[in-house]
Amino acid sequence: MSKFYITTPIYYINDKPHIGHAYTTLVADVLARWHRQQGDAVFFLTGTDEHGAKVQESAAAAGLAPPEFADKNVDKFKQAWQSLGIKYDYFIRTSDERHEAVVKDLMRQIYESDYIYEGLYEGLYCVGCERFLQPDDLVNGKCPLHPHQLPVQQKEKNYFFKLSSFRDKLLAALENDKYKIVPATRRNEVVGKLKKGLADISISRAGVSWGVQVPWDKAQTIYVWVDALINYYSATQFENKGKDFWPANVHLMAKDILWFHAVIWPALLLAAELPLPQTIACHGFFTIDGQKMSKSLGNVIDPNDLVKEFGVDAARYLLLSQIPFNSDGDISWERFRERYESDLANGLGNTFSRVTNMIEKFGQGRFNQAQGVNQFTSITASAVASALRNFQFDSALLAIFNVVSSIDEEIERTKPWQMAKDSKESAIGPLLDKWGTMLLDVAMYLKPFMPATAKKMEDALRTEKITKAEPLFPRLN
RNA sequence: CGCGGGGUGGAGAAGUGGCAUCUCGCCUGGCUCAUAACCAGGAGAUCGUGGGUUCAAGUCCCACCCCCGCAACCA
């Protein structure tokens, strides 16, 4: 038995969860469940990122103090994960003072190792907003919120992290697989950028009060990203369930935040002389009906709506099977409905009905489970394992569903109903044993992906007297 | 020449030199245990375009066209 520590990003509490957050978290859940099933000691961490200027502003806009604002919003995430059947081991909030204590300790250590120095941060500043502006923020060269004030070039005293001095070490670490970035294309991207050079980064803010205080300068707070990244480590320090789990086996994320995880985070760890995470796994973005997901287009899919339409397990199946992990993918309600009908209702659901019904009709409600695990489906077991090792959730599911198809084929070939007519019931028994066992195998493989369905299948197949099962996936209307 | 990904039957994907594959959809036939489900067979691809290398190219090389991310203080 080995340990398996997997994380999702901690989500910025300003947002409410959308399908992108849901996908990342779901993937983590599947891997966590799979490793638990393999007997590994698992720590699955998710949470929320609650500090920073944006939260401060949003809270103010809502007329709340930042902590109240965060308390109010954190439930949206917890609720979404619950409705998707996601079982994390711990939910971390960066406003937790135990996390803050670890951040301070770590930053002080890095500071005392001379990897942090004082400098000037320069950028455009909007006085009306009291914050620095990104070039993207500008509309006609002005702050959209304060179009009558010209943004000014401003300087602020900040503390800087000597990121640049870690360039060679990071490149070497990647070269030697001290940590991995998957997929390879993303890794190449990072290596390419690293080779171009690396600038030091500002890791503190003077104008942001909602954050972790810089331990050696009370006028500054730690830059929210640095604070956030440390969550992966801090949870293993103050939370009992996470003890002895550092370093992480897998940090999961979408590609937008790869740089932070693949460069800044490992550099901070090197500076603190902590072990590096094993794998940085990074998935793509989704477009919806070929368009970028965006609030203004109004095409953002709420994971709750997906669950409402299809049910938890079907929602899980659709997300995992329809989105390629390694690249961007397009999704649409229409395709979700098609897949629901073809794979779940007509496929697994219908086959389960056929077999349970035949066991009731031709087998007196009983079948003999074949001895040994994976009696008929050992190839599937290794296919699933290797797919999961490579984050190929779609092919893992495909491998499992192939078992279902093969049952359908064999039913067709052997025609049990014909045997019954010809009074050859005794020949049906062994077939029912085989199919029943195969469906139990399917249930076992499906557990990490569709836990509720797997349980329904097992319950139905393990009763004293098996009767035709209720549809696992009722047809959509 | 900023960096990177991609363009494969109607849709979504696999495929890094050797008969172009899978899922969905479509057509025809079969079946009736099953959620009008299932099974078999079939039609459908000049693999973005033009050159090149090779006995052999979706796959390697060159040029071009088109989409899409990223471009470092951003979730």
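So you know, we letter chains A, B, ... as the sequences are listed, proteins then strands, and number each from 1.
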Requested in this report: Kindly check if the number of other-residue, nucleotide or ligand heavy atoms within 6.0 Å of NZ (K76(A)) is above 12?
Outcome: yes
Query raised in the report: Is the CZ atom of R366(A) crowded by more than 12 outside heavy atoms at less than 6.0 Å?
Result: no
Query raised in the report: Is there a residue in residues 18-27 of chain A whose heavy atoms reach under 4.0 Å of RNA chain B, and which residues are they?
Result: none
Query - Aromatic ring pairing H21(A)/F77(A), orientation class (parallel under 30°, perpendicular over 60°, tilted between) - result: perpendicular
Requested in this report: If the plane angle is over 60° it's perpendicular, under 30° parallel, otherwise tilted; pick one for W225(A) and H261(A).
Outcome: perpendicular
Report task. Decide, applying a 5.5 Å centre-distance limit and a 30° plane-angle limit (both strict), whether W225(A) stacks on rA75(B). Result -> yes
Report task. Can you sort out the partners of D49(A) under side chain to side chain donor-acceptor pair (under 3.5 Å), two or more places apart, ordered by chain and number? Result -> none
Requested in this report: Flag the pair F69(A) / W210(A) as yes when their ring centroid distance falls below 6.0 Å, and as no otherwise.
Outcome: no
Requested in this report: Can you tell me which stems involve RNA chain B, if a stem is defined as three or more consecutive Watson-Crick or G-U wobble pairs, both distances under 3.5 Å?
Outcome: B:2-7 with B:65-70, B:10-13 with B:21-24, B:26-30 with B:38-42, B:48-52 with B:60-64
Requested in this report: Carefully, step by step, assess N346(A) and R475(A) under the rule side-chain hydrogen bond (donor to acceptor under 3.5 Å, both in side chains).
Outcome: CA-CA 9 Å; N346(A) 299 349; R475(A) 202 152 287 284; 2.6 Å; yes
Could you go through residues 383-403 of chain A and list every donor-acceptor pair under 3.5 Å that involves a side-chain atom there, pairing it with any protein atom two or more places apart or in another chain?
unit_1: N390(A); atom_1: ND2; unit_2: S386(A); atom_2: O; d: 2.9
unit_1: S395(A); atom_1: OG; unit_2: Q392(A); atom_2: O; d: 3.4
unit_1: N402(A); atom_1: ND2; unit_2: L398(A); atom_2: O; d: 3.4

Would you kindly check whether a donor in the side chain of [X] faces an acceptor in the base of [N], or vice versa, at under 3.5 angstrom?
X: N346(A); N: rA37(B); result: no
X: R354(A); N: rC38(B); result: no
X: D49(A); N: rA75(B); result: yes

Would you tabulate the nitrogen or oxygen pairs shorter than 3.5 Å linking the protein to nucleotides 4-6 of chain B?
unit_1: rG4(B); atom_1: O2'; unit_2: E189(A); atom_2: OE1; d: 3.4

Query raised in the report: Do the side-chain N or O atoms of N357(A) get closer than 4.0 angstrom to the phosphate oxygens (OP1, OP2) of rA34(B)?
Result: yes
Query raised in the report: Quick one: is K415(A) getting a side-chain N or O under 4.0 Å of the rG30(B) phosphate, OP1 or OP2?
Result: no
Pairwise N/O distances under 3.5 Å, protein to nucleotides 20-24 of chain B:
unit_1: rU23(B); atom_1: O2'; unit_2: R339(A); atom_2: NH1; d: 3.4
unit_1: rU23(B); atom_1: O2'; unit_2: R339(A); atom_2: NH2; d: 2.7

